[in-house]
Peer 1: 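To start, I am sharing the structure in question, which I have written as structure tokens.
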Amino acid sequence: MSRILIVEDEAIIRSALKRLLERHDHAVSEAGSVDEALALDLQGFDLVISDLRLPGEPGTELIARAAPVPVLIMTSYASMRSAVEALKLGAVDYVAKPFDHDELLETVARVLHQRALQQGEPPDITEPDGQRQTMIGDCPAMQAVYTRIRKTAPADVTVLIQGESGTGKELVARAIHQQSKRIAAPLVCVNCAAIPETLIESELFGHEKGAFTGASAARTGLVEAADGGTLFLDEIGELPLDAQARLLRVLQEGEIRKIGSVETRHVDVRLIAATHRDLRALSKTGEFRLDLYYRLNVMQIDLPPLRDREDDILQIADVLLDKACRRHEREGLRLSRAARREIRDFPWPGNVRELENALERGVILAEGHLIHPDDLGLAPTPRAGSPLPQEEPAPGGEPAPPEPMAGAAAEEEDLSLEDYFQHFVLEHQDQMSETELAQKLGISRKCLWERRQRLGIPRKKGPRRGAG
């Protein structure tokens, strides 16, 4: 929670501003003059918001006295010249009275973001539902991530975020956008692996009516929807080659052309891409364009896996547990000592996302006020060299759908659901499409992709089929 000092001689304005900031989770103190403000410990605040004209000394006197704490100056529209002078004296920004609430809150959030990053602190992030979230972790690897975010965000360059699935790549993308000059414009997030290959170009670049079968109306693509803002392409390594070529033109020329159209349109988009795969290695096998890789890799941010963040794991677990308790109305639940040991020692192949799921299970299954290891439902790590089960084809030559195994039989065969999934996919992915595989396994296409990532099963790359 940020601590903010309001220095304003008009009690009505001061009270209204205090209520506004407190509604958005800030701790607010008040002063009616520079002298009253100096009587407080200015270094104990994260931000000082001061009126320019005050009884006695002007608010600009606080700029040097509060440093390095930033000072945001409030002034009337008739005093714009004075506001410019305040900026020259070192004010972080100014807001004009009467101020717009949303504009003021946006300015305060941006200033606090910048201060947190300058101090090497985890940045605050506003989620799509309006909730604020702080990136968690103090290990050296995460400190390096915070520093890279702070330096990269204002630069308006393309960013490539690399890290395993579940490490928080979208959180980093949001932090970059909200620290950038494009904060007032949209952030459009796209998971490239969750969209069928035949539709990905239409989703990204749009299409004209009648461009292909089923195109009953013109559609604006997601790239154009992000015009003026930021486009975040998650799992860009799954992007088909045809779409890669179109994306390269966006980066080189700032132009898009809808499928079925002869006209090009100019767009101003900052691209942030993320992947868990080695794009350079994919370029050597022809699965990813090398020229696109070079365009993407202007600035790189590497996110560490959870197993390499030992000092952070329990801190993250406590925050996620608190959220899960509130969500399920089970306040007061705590992790037992044994559960904390298990969380600390588990390798977490699914990273933070897997940890969050385990804690959700624990909150739901816990009987008393403590969550025990059994409540977390963590599967033992697979043993190396365990044989894969052989599968008999069903009548008609089609693979049989997976059948649940009885508890005793499962123990005898030492076969987990993940073992079966891995064997089934490897056995049949040459003959079946992703959609057919998902249908046979009884899961969604997105779930199939997520399990592939968790188990490290690459997707077979068939011939590309253009959408238009």
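All heavy atoms count here, side chains included; hydrogens, waters and symmetry mates do not. Numbering starts at 1 and runs along the sequence shown.
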Peer 1: Let me confirm one number: the CD1-CG distance from Ile236 to Leu271, rounded to the nearest 0.5 Å.
Peer 2: 5.5 Å
Peer 1: Consider salt bridge (charged side-chain N to carboxylate O under 4.0 Å, His left out). Of Arg219, Arg246, Arg257, which one does Glu201 pass it with?
Peer 2: Arg246
Peer 1: Roughly how far, to the nearest 0.5 Å, is the CG atom of Asp138 from the CZ atom of Arg309?
Peer 2: 9.0 Å
Peer 1: Is the number of heavy atoms from other residues, nucleotides or ligands within 6.0 Å of CD (Glu331) greater than 12?
Peer 2: yes
Peer 1: To the nearest 0.5 angstrom, please state how far the CD1 atom of Ile73 sits from the OH atom of Tyr94.
Peer 2: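 Result: 12.0 Å between the selected atoms.
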Peer 1: Of all the heavy-atom pairs spanning Arg3 and Phe45, show the shortest one and how long it is.
Peer 2: NH2-CE2, 3.5 Å
Peer 1: Between Asp318 and Arg340, is the closest basic N to carboxylate O distance under 4.0 Å?
Peer 2: yes
Peer 1: Which heavy atom in Ala317 sits nearest to a heavy atom in Ile343, and how many Å separate them?
Peer 2: CB-CG2, 4.3 Å
Peer 1: May I ask you to decide if His177's main-chain N or O and Ser180's side chain share a donor-acceptor pair within less than 3.5 Å?
Peer 2: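 The answer is yes, because a donor-acceptor pair under 3.5 Å joins these two groups.
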Peer 1: Does Arg148 reach the main-chain N or O of Gln300 with its side chain, forming a donor-acceptor pair under 3.5 Å?
Peer 2: yes
Peer 1: Ignoring hydrogens, what is the shortest heavy-atom contact between Ala184 and Glu106? Give both atom names and the distance.
Peer 2: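 In this case the closest contact between Ala184 and Glu106 is CB-OE2, 4.2 Å.
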Peer 1: Side chains of His276 and Gln162: do they bring a donor and an acceptor to under 3.5 Å?
Peer 2: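 Per modelled atom types, His276 and Gln162 side chains form no pair under 3.5 Å.
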Peer 1: Between the side chain of His266 and the main-chain N/O of Gly254, is any donor-acceptor distance below 3.5 Å?
Peer 2: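 Side chain of His266 to backbone of Gly254: a pair is present.
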Peer 1: Check Asp291 with Arg289, please: is the shortest side-chain N to carboxylate O separation under 4.0 Å?
Peer 2: yes
Peer 1: Between His328 (side chain) and Lys323 (backbone), is there a donor-acceptor pair under 3.5 Å?
Peer 2: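 A pair under 3.5 Å: no.
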Peer 1: Donor-acceptor pair, distance only, cut-off 3.5 Å: does the side chain of Gln244 make one with the backbone of Glu287?
Peer 2: yes
Peer 1: Please check: side-chain N/O of Asn351 versus main-chain N/O of Ser165, any donor-acceptor pairing under 3.5 Å?
Peer 2: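 At least one qualifying donor-acceptor pair exists.
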Peer 1: What are the two closest non-hydrogen atoms of Ala358 and Leu376, and how far apart are they?
Peer 2: O-CD2, 3.6 Å
Peer 1: Let me see the working for Lys258 and Arg265 under side-chain contact (heavy atoms from CB on, under 4.5 Å), right down to the final yes or no.
Peer 2: CA-CA 9 Å; Lys258 290 184 176 182; Arg265 301 187 183 189; 3.9 Å; yes
Peer 1: Tell me if a side-chain donor or acceptor on Arg270 pairs with a main-chain N or O of Thr230 at a distance below 3.5 Å.
Peer 2: no
Peer 1: Taking all non-hydrogen atoms of both residues into account, name the closest pair between Ile176 and Val159 and its distance.
Peer 2: CD1-CG1, 4.0 Å
Peer 1: Check Gly229 against Arg182 and note the closest heavy-atom contact, atom names and distance.
Peer 2: O-NH1, 3.1 Å
Peer 1: What pairs with Arg327 under salt bridge (charged side-chain N to carboxylate O under 4.0 Å, His left out), at least two apart in sequence or on another chain?
Peer 2: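 Salt bridge (charged side-chain N to carboxylate O under 4.0 Å, His left out) check on Arg327 returns Glu360.
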Peer 1: Do other residues, nucleotides or ligands put more than 12 heavy atoms under 6.0 Å from the CD atom of Gln315?
Peer 2: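 Yes, enclosed.
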Peer 1: Which distance, rounded to the nearest 0.5 Å, do you find between the CG of Leu248 and the OH of Tyr294?
Peer 2: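 Rounded to the nearest 0.5 Å, the CG-OH separation comes out at 13.5 Å.
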Peer 1: Rounded to the nearest 0.5 Å, how far apart are CG of Leu426 and CD1 of Ile457?
Peer 2: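 With rounding to 0.5 Å, CG (Leu426) is 5.0 Å from CD1 (Ile457).
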